[in-house]
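Have a look at the structure below, then the notes.
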Amino acid sequence: ADPDMLDLQGKAQLARGDLPAAMESYKQLAQALPRSAPALLQVAALRLLTNNPTQAEEDFKSVLAIQPDFPSAQLELAALYVRKGSPDLALMLADRMQRQHPKGAAGFQLQGDILMAKHQPAAALPAYEHAYGLHVTNELAIKIDSALREAGRVAEAESRLGKWLAAHPDDLRAQAYRAQTCIGAGDFK
């Protein structure tokens, strides 16, 4: 019943690929620590891995009932809503994240991701731009490029990605992304 041992046992079971045993260990951990959002989040994540999205959704909601501003739970629940075909619920979570953490990029990036999933790249751009203004990362530079390309603004996308790569010549992720876009455009040279 020791929480540390249950967590360690669950990690070991996950490492060897025994999902049912890990699920039991983390359920016991969540029972031992009933007000622990991280313990319940682990149960929810395992439910997703074992293809039980309905129960995972309930667990994510329980996590947020315990800790309403838990970003990991909000992100996972929003992703689950998008997969279920309920992007408007996901957008509500993104809006809540933006209000809870106005100086954080995650809520704005989430909004952009959801709008891209809805095939609305022009609407996603301002959200990505806002997130980029708060936290400059190659992930956001790539997402902005992708949104620009899908919105038909290819020249602007190439210019911006070129500037990013000039400023970050060792960014292998952005280099690989650029190579993929060139291949997709038939520019093999």
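Throughout, residue positions are numbered sequentially from 1 according to the sequence presented.
Between R47 and V43 there is a side-chain heavy-atom pair separated by less than 4.5 Å. Side-chain contact between I144 and E129: present, with at least one pair of heavy atoms (C-beta onward) separated by less than 4.5 Å. E76 places none of its side-chain heavy atoms less than 4.5 Å from the side chain of V63. Using a 4.5 Å heavy-atom threshold, the side chains of R83 and L48 count as touching.
Closest heavy-atom contact between A44 and A56: O-CB, 3.6 Å. Counting all heavy atoms, side chain and backbone alike, A157 lies closest to R149 at CB-CG, 3.7 Å.
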**Q.** Stepwise side-chain contact (heavy atoms from CB on, under 4.5 Å) check, Q13 with Q9
**A.** CA-CA 6 Å; Q13 290 161 331; Q9 179 176 302; 3.5 Å; yes
Q: I would like to know whether K143 and D113 meet side-chain contact (heavy atoms from CB on, under 4.5 Å); could you show each step before the answer?
A: CA-CA 8 Å; K143 288 181 181 216; D113 291 347; 2.8 Å; yes
Q: Applying side-chain contact (heavy atoms from CB on, under 4.5 Å), run through Y26 and L40 and close with a yes or a no.
A: CA-CA 8 Å; Y26 280 108; L40 191 53; over 6 Å; no
Q.
The test is side-chain contact (heavy atoms from CB on, under 4.5 Å); show your working for K163 and R160 and say whether it passes.
A. CA-CA 5 Å; K163 288 177 186 173; R160 288 189 62 165; 5.6 Å; no
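A donor-acceptor contact shorter than 3.5 Å is absent between the side chain of Y132 and the backbone of A105. Judged by distance alone, the side chain of S159 and the main-chain N or O of A155 form no donor-acceptor pair under 3.5 Å. At least one donor-acceptor pair under 3.5 Å links the side chain of Q100 to the backbone N or O of P68. For Q120 (side chain) and L115 (main-chain N/O), no donor-acceptor pair under 3.5 Å exists by modelled atom type.
Comment: R178 does not engage D145 in a salt bridge, judged by the lack of any side-chain N to carboxylate O separation of less than 4.0 angstrom. Contact check on E57 versus K84 returns a salt bridge, with a Lys/Arg side-chain nitrogen under 4.0 Å from an Asp/Glu carboxylate oxygen.
For D88, the salt bridge (charged side-chain N to carboxylate O under 4.0 Å, His left out) criterion is met by K118, not counting sequence neighbours.
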